Student: 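There's a structure below that I have some questions on.
Order of appearance sets the numbers: ligands from 1, and atoms from 1 within every ligand. We count residues from 1, following the sequence as given. A quick note: this is a predicted structure, and the numbers were derived from the prediction, not measured.
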Amino acid sequence: MIERAHPFLDGKPKRMLIGGHWVDALSGETFDSVNPATGKVIAQLAEGEAEDVDRAVAAARTAFEGPWGRFKPFDRQALMLNIADTLERRFDDLCVLETLDMGAPIARTSTYKRWIVQALRFYAGQAVALAGTTPHNSFPGDMFSYTLRAPLGVVGGIIPWNGPLISQLWSVCPTLATGCTLVLKPAEDASLGVLRFAEIMQEAGLPDGVVNIVTGRGSTAGARLAAHPDVDKIAFTGSTATGRRIIEASAGNMKRVAVELGGKSPDIIFADADLERAVPGAGMGCFNNSGQICYAGTRVFVQRPIYDEFVERLAAFSKTIKVGDSLDPATQLGPLVSSRQLSTVTNYFDIARAEGATVASGGERLGGDLAEGFFVPPTVLSGMTNDMRTAREEIFGPVASVIAFDTEEEAIRLGNDTQYGLGGAVWTRDVGTAHRVARDVRAGMMWVNCYGTTESTVQSEGLGMSGYGVKGGQRHVEEYLYSKTVWMNLA
Ligand code: NAI
Ligand code: MG
């Protein structure tokens, strides 16, 4: 049993990090953490509640007002570079833990190393690049005006389970770069990697209270963090429904909010596309991480002359994808994260059939050797229209709805006929088509002849019900600062 062999899974309940100390919940309660590949419990997590969040926020406030506030930009940079170096040495166990915790295959989680190290190094660079401005003014007399940038204060990070080692970076990195402090609440279904990452940060010299981790339920710990009167900003990634609750809860003390929410992204394939690339590209653009990616290309629009051929090839491609043991390096797709997510996705299989879609491949839970885990195959639905529920609602499973279109204008209109606006792609050999579609689809991020590339240096943001707030790039760092204007009478 590999789980037994993992050094972090030592059978002791996992504690929370508050003020530099690993502590139990004040109530003493714990809850189970499950490996979705086996359905088995692999650890107990402390069940943090409102009172634990209060402790963590107080620790974050103390740290913000304490020695951390005297860290110079180059000190914060040095800390972040040290975390990157330490992470590089500790990574091999960490990606196995992430795989056991949330199911993504080792072939995927092992690629996080480059991604995480680069993010830490990019934001470490940002730490020494913060600057105000000196706007000229024409006020009578002799007046000088300038702006200062200062850290907002205590940030609450609330993240989902679909890739916590990556999601946490979107609050950890800008927090450390700017001199804010953080209370991070990982998702119930996948907290272990985040706890281990915090140990690595401590090993690299993270000062007490700068990053605090509270494990627990969204309805208790998460809700308290979102509403807390002493939290200055919430950075949330997750469902649109919960995002709305976060925004409502933030109103109490007017905290700043960034919400990165769901998607139903269009992936538009023209008849002139190179299908050798477009078929696997659109396939993995939807199926990667078992479809549990916010910007997944789940609505695949295909121009009518190649529609039947494309469906056939996509279905054939999906059958070549290796689904199974997440620890086997050859595995491409692991299980869904939880039994709850499994029932959500299999319920959509039923909805799609009832709506009259044709199941070209997949469409049933996997049994046999995989019956104990939460596995579904990549699924291709054809004969779909954009008004079916399967094409409108976020499924968060490996389910591609393939929809026919005739003209470029129609593809853009259908692509934009959604409440979301997160991502999308276009596949064509025509440079004009590529530019027009990339420009006219209303989404925060578009890919041309590829799908799903992301890097911390390159910003992304959503539109509509996909939320708002920047992730990545320099503007992201600015969202952790406030700007103060100073007027000075020089006369
Ligand atoms: P969720 O949005 O409820 O959970 C995300 C995080 O928010 C978790 O840490 C959770 O504990 C916390 N949370 C839940 N309720 C809260 C509240 N009232 N106040 C503060 N924090 C709260 O997502 P869930 O229920 O795990 O997944 C449901 C669906 O959401 C999925 O099927 C998928 O469609 C979508 N989703 C989208 C994600 C994205 O990246 N866009 C990520 C995860 C889920
Ligand atoms: Mg789990």
Student: Look at Lys113 together with Glu98 and state whether they make a salt bridge at an N to O cut-off of under 4.0 Å.
Tutor: no
Student: Every pair of nitrogen or oxygen atoms between ligand 1 and the protein that is under 3.5 angstrom apart - can you list them with their distances to 0.1 Å?
Tutor:
unit_1   : atom_1 : unit_2 : atom_2 : d
ligand 1 : 2 (O)  : Ser239 : N      : 2.7
ligand 1 : 2 (O)  : Ser239 : OG     : 2.8
ligand 1 : 2 (O)  : Thr242 : OG1    : 3.4
ligand 1 : 3 (O)  : Thr242 : OG1    : 2.9
ligand 1 : 9 (O)  : Ile159 : O      : 2.8
ligand 1 : 9 (O)  : Lys185 : NZ     : 3.3
ligand 1 : 11 (O) : Lys185 : NZ     : 3.0
ligand 1 : 11 (O) : Glu188 : OE1    : 2.7
ligand 1 : 11 (O) : Glu188 : OE2    : 3.4
ligand 1 : 11 (O) : Gly218 : N      : 3.3
ligand 1 : 19 (N) : Ala223 : N      : 3.4
ligand 1 : 25 (O) : Arg340 : NH1    : 3.4
ligand 1 : 25 (O) : Arg340 : NH2    : 2.9
ligand 1 : 26 (O) : Trp161 : NE1    : 2.6
ligand 1 : 26 (O) : Arg340 : NH2    : 3.1
ligand 1 : 32 (O) : Gln341 : OE1    : 3.3
ligand 1 : 32 (O) : Gln341 : NE2    : 3.1
ligand 1 : 34 (O) : Glu394 : OE1    : 2.9
ligand 1 : 41 (N) : Gly238 : O      : 3.4
ligand 1 : 41 (N) : Leu261 : O      : 2.9

Student: With sequence neighbours left out, write down each residue that passes side-chain contact (heavy atoms from CB on, under 4.5 Å) with Ala330, or none if nothing qualifies.
Tutor: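 Partners of Ala330 by the side-chain contact (heavy atoms from CB on, under 4.5 Å) criterion, ordered by chain and then number, come out as Lys322, Asp328.
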Student: Under 2.8 Å from the Mg ion (ligand 2), how many protein N/O/S atoms do you get? Just the number, please.
Tutor: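 Excluding waters, the total comes to 3.
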Student: Can you find a side-chain donor-acceptor pair between Glu455 and Thr457 that sits under 3.5 Å?
Tutor: yes
Student: Using a strict cut-off of less than 4.0 Å between a Lys/Arg side-chain nitrogen and an Asp/Glu carboxylate oxygen, indicate whether Arg217 and Glu47 qualify as a salt bridge.
Tutor: yes
Student: Considering only residues two or more places apart or on different chains, which pairs with a residue in residues 188-198 satisfy side chain to side chain donor-acceptor pair (under 3.5 Å)?
Tutor: Arg196-Glu199
Student: Among side-chain atoms of Glu355 and Thr390, is any donor-acceptor pair under 3.5 angstrom?
Tutor: yes
Student: My understanding is that only one of Glu461, Glu260, Glu479 makes a salt bridge (Lys or Arg N to Asp or Glu O under 4.0 Å) with Lys471; could you say which?
Tutor: Glu260
Student: Kindly say whether Tyr420 contributes a backbone atom to a donor-acceptor pair with the side chain of Thr418 at under 3.5 angstrom?
Tutor: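 Here the side-chain-to-backbone pair exists.
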Student: Do Thr99 and Thr109 pair up side chain to side chain, a donor and an acceptor below 3.5 Å, judged on atom types alone?
Tutor: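 Yes, Thr109 and Thr99 have a side-chain donor paired with an acceptor closer than 3.5 Å.
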